[in-house]
A.B. asks: 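There's a structure below that I have some questions on.
In each ligand, atom 1 is the first atom listed, and ligand 1 is the first ligand listed.
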Amino acid sequence: MESAILESHRRFEIPGIAEVVEGNGALPKVRITSPEIAGEMYLHGAHVTSWKPAGGEEVLFLSSQSRWEHGRAIRGGAPICFPWFGGKADDPTAPAHGFVRTKSWQLESIAQAGGAVTVSMFTESDEGTKRWWPAEFRLVHRATFGRELSLELEVTNTGKTSLRFEEALHTYHRVGNVEKARVRGLDTVHYFDKTDSNRKKMQHGEIVIVSETDRVYQNTGDAIELEDPVLRRRTRITKENSRTTVVWNPWVQKAQALSDFADDEWMQMICLEASNVSDCAVDLAPGQQHKMKVLVRVADS
Ligand code: TA6
């Protein structure tokens, strides 16, 4: 079954630069190995699992306990949450963070420009998606692997009625020690604290992780910076058409409760998620399109 998929994707390959190969769990992935960069993106969830700029270390965290199977989300990298974030408000049986991160997407194109490689994958509404959500849509995830990582999520309403959706690029950033890391750029921004009954609070200064952290920062399009003194790097994250930023670290207990996450891995990651969730959900009229984009750039610190 999987080799037929690999065969059917050969025509997209760029010899020596981008290949479609069998990844973990025999799931097909695009593997990029150019002199400037290395990266990986699975068709399963159009999920970017690795990005390593030239001469640099891996930027994304990937759990050693992640599952690699149909119907399960990959733990780490940049999962796509759509068309709802977290639990589905009106259906507790619906999958957390929507259904596209556990779906097999299709490869649309692989293109090289200068030292960067752009991989585009798409998925559309079908009988499976309508089981949870009646809307007609087309989703494209364009990932550009270069000196910076660019992730663009394009949503098109292909139906005859308007739709409302939430979305997030739920990016897991790898850090040397999360307790020593600092996140700047959200000072004075209000957030909902999911560890405290969603109470509304305001951020004062930089974010320091000292316990389970699960926050939705509201009405902010600002850039943020992740300072990592252990890996001696600073990651700058800018975004477009995103009005919320989610910050998450499971800390000790939640980490132990997650079956696809090692108990001590909470120290090595922080999720910084460009998103449009809760009050900032997006409305799209028939035929309309929305593009959310995040750019990640790493510098030595
Ligand atoms: O983005 C933060 C969050 O919504 C947390 O509440 C936590 O549940 C996390 O996502 C991971 O969710 P998952 O469904 O991947 O286990």
A.B. asks: Below 3.5 angstrom, do we get any N/O pair linking W248 and ligand 1?
C.D. replies: no
A.B. asks: N/O to N/O below 3.5 Å, does that happen between Y172 and ligand 1?
C.D. replies: no
A.B. asks: So is R101 touching ligand 1 or not, going by heavy atoms under 4.0 Å?
C.D. replies: yes
A.B. asks: Return the closest protein heavy atom for atom 1 (O) of ligand 1 as residue, atom name and distance.
C.D. replies: E273 OE2, 2.7 Å
A.B. asks: Which atoms from ligand 1 have a heavy atom of V246 less than 4.0 Å away?
C.D. replies: 1 (O)
A.B. asks: Side chains of K103 and T129: any donor to acceptor distance under 3.5 Å?
C.D. replies: no
A.B. asks: Short list, please: which atoms of ligand 1 are under 4.0 Å from a heavy atom of D214?
C.D. replies: 2 (C), 5 (C), 6 (O)
A.B. asks: Output the list of atoms in ligand 1 that are nearer than 4.0 Å to some heavy atom of F85, sorted by atom number.
C.D. replies: 1 (O), 4 (O)
A.B. asks: One thing to verify: whether R236 and E225 come together as a salt bridge, which I'm taking to mean a side-chain N less than 4.0 angstrom from a carboxylate O.
C.D. replies: yes
A.B. asks: Just to confirm, does any protein heavy atom lie below 4.0 Å from atom 8 (O) of ligand 1?
C.D. replies: no
A.B. asks: Do F85 and H97 have their ring centres less than 6.0 Å from each other?
C.D. replies: yes
A.B. asks: Whether the E167 and N276 side chains hold a donor-acceptor pair (N or O, under 3.5 Å, no angle test) is what I'd like checked.
C.D. replies: yes
A.B. asks: Determine whether the aromatic ring centres of F165 and F137 lie less than 6.0 Å apart.
C.D. replies: no
A.B. asks: Tell me the contacting part of E212 for ligand 1: side chain, backbone, both, or neither, using a 4.0 Å heavy-atom threshold, strictly below.
C.D. replies: neither
A.B. asks: Shortest non-hydrogen contact from W248 to E273?
C.D. replies: CB-OE2, 3.9 Å
A.B. asks: Which atom pair, heavy atoms only, marks the closest approach of A78 to H47?
C.D. replies: N-NE2, 3.5 Å
A.B. asks: Any idea which of H97, R75, K254 brings a heavy atom closest to atom 10 (O) of ligand 1?
C.D. replies: H97
